[in-house]
Amino acid sequence: MTHQTLEPDGRRRRGLDSRDRIIAAMLDLMREGEVAPGAERVAARAEVGLRTVFRHFRDMDSLYAEMARAIEGELSDLLARPLASGDEAGRLAEIAERRADVYERIFPYKHASGMHRHRSAFLERGHARMVANLRDMLVEALPAACADPMRREALDLLLSFEAWSRLRREQGLTRDIALSAVLSAARKVLGPDPS
């Protein structure tokens, strides 16, 4: 093999490395509390030129799309793991615990994307998809409880990211106290085991 046949692979590898560093930089900045880091901040953190950011991502929406894929990939195993409990009360506790873990991991990204959602069709679709997926998982895990429309709606609300965010951010509760509050309210809605 000649130097020329290896060069395109090397360039491609460097390009993929730059792309990964840009995504990681955006995620890190958000994790650190920057709600809307600009392309300049992302480029500086990734140690690439501003032109490199826009060569890989035509706009910030396309960068958000890649971030979302990275986050979904990280969380998909956690959400897809089968529930172990045989009764609805036990499954409710598992769902609440699992969602607490997920919400804690995506907290900074959800807040950042929430601020930009009104300007981004991609972020709006992603939010709607997450809400629908979590709702479907809830209905599948708690079929007897969710057969009652009012109970289903109340459980969906109590176990939502928005409820979690309110407890953690606005009310200033610790993770464990927020989880206890969610579970206490959800158990009241669930009532006696309907199965």
Side-chain angles (χ1 to χ4, degrees), residues 20 23-24 26-33 35 64-117 122-195:
D20 290 345
I23 295 165
M26 184 73 161
L27 290 169
D28 287 344
L29 288 166
M30 287 183 164
R31 192 177 299 120
E32 292 165 11
V35 176
Y64 282 124
E66 287 302 317
M67 285 175 38
R69 274 191 267 286
I71 292 166
E72 284 173 16
E74 187 181 310
L75 299 176
S76 62
D77 289 343
L78 178 62
L79 287 171
R81 199 172 49 223
L83 299 171
S85 183
D87 63 13
E88 289 204 338
R91 287 193 301 274
L92 174 65
E94 286 183 66
I95 291 167
E97 178 74 41
R98 197 173 289 184
R99 287 192 186 191
D101 290 343
V102 167
Y103 295 158
E104 286 297 300
R105 289 167 84 173
I106 67 171
F107 208 82
Y109 318 119
K110 282 294 288 171
H111 279 289
S113 68
M115 293 190 66
H116 302 288
R117 222 170 56 213
F122 169 79
L123 291 175
E124 193 61 54
R125 284 191 308 273
H127 175 74
R129 186 174 61 249
M130 183 182 108
V131 168
N133 288 344
L134 290 175
R135 184 182 179 90
D136 290 346
M137 288 177 187
L138 179 69
V139 170
E140 184 179 326
L142 307 175
C146 289
D148 174 351
M150 291 300 103
R151 199 182 270 174
R152 179 181 61 240
E153 297 306 325
L155 289 169
D156 196 29
L157 171 66
L158 289 168
L159 295 164
S160 69
F161 175 80
E162 292 75 14
W164 186 257
S165 175
R166 167 72 187 263
L167 291 169
R168 293 285 281 126
R169 206 169 164 179
E170 282 78 12
Q171 292 177 224
L173 302 181
T174 66
R175 179 205 181 276
D176 291 343
I177 294 172
L179 179 57
S180 292
V182 166
L183 261 176
S184 175
R187 283 178 176 137
K188 286 180 174 73
V189 170
L190 186 67
D193 189 359
S195 52

Worked verdict on Leu138 versus Arg99 for side chain to side chain contact (heavy atoms under 4.5 Å, CB included): CA-CA 11 Å; Leu138 179 69; Arg99 287 192 186 191; 3.9 Å; yes
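Relative orientation of the Phe161 and Tyr103 rings is perpendicular, given thresholds of 30° and 60° on the angle between their planes.
Atom CZ of residue Arg166 and atom CG of residue Leu173 lie 10.0 Å apart, to the nearest 0.5 angstrom. One finds the CD1 atom of Ile95 at 8.5 Å from the CD atom of Glu88 (value rounded to the nearest 0.5 Å). The CZ atom of Arg187 sits 12.0 Å away from atom CG of Leu155, with the distance rounded to the nearest 0.5 Å. Residue Leu158 holds its CG atom at 11.0 Å from CG of Leu190, rounded to the nearest 0.5 Å. Atom CG of Leu159 is separated from atom CG of Leu134 by 9.0 Å, given to the nearest 0.5 angstrom. Of the inter-residue distances, the one linking Arg81 atom CZ with Glu94 atom CD reads 9.0 Å to the nearest 0.5 angstrom.
Between Gly86 and Arg91, the closest heavy-atom pair is O-NH1, 3.0 Å. Nearest heavy atom pair, residue Val182 against residue Trp164, reads CG2-CE3, 4.1 Å. Listed here is the closest heavy atom pair of Ile106 and Met130: CD1-SD, 4.1 Å. Of all the heavy atoms in Ser85 and Gly90, the pair that sits closest is OG-CA, 3.2 Å. Across Leu183 and Ala93, no two heavy atoms sit closer than the pair CD2-CA, 3.7 Å.
The backbone N or O of Asp176 sits less than 3.5 Å from a side-chain atom of Ser180, completing a donor-acceptor pair. Checked by atom type and distance alone, the side chain of Ser165 never pairs as donor or acceptor with a backbone atom of Glu162 at under 3.5 Å.
Comment: Glu97 engages Arg175 in a salt bridge, judged by a side-chain N to carboxylate O separation of less than 4.0 angstrom. We find that Arg31 and Asp28 are joined by a salt bridge, their nearest charged nitrogen and carboxylate oxygen being less than 4.0 Å apart. In this structure, Glu153 pairs ionically with Arg135, as a charged nitrogen and a carboxylate oxygen lie closer than 4.0 Å.
With a 4.5 Å cut-off on side-chain heavy atoms, Leu142 and Arg151 do not count as touching.
Within 6.0 Å of atom CD in Gln171, more than 12 heavy atoms from other residues, nucleotides or ligands are found, so the atom counts as buried in its surroundings.
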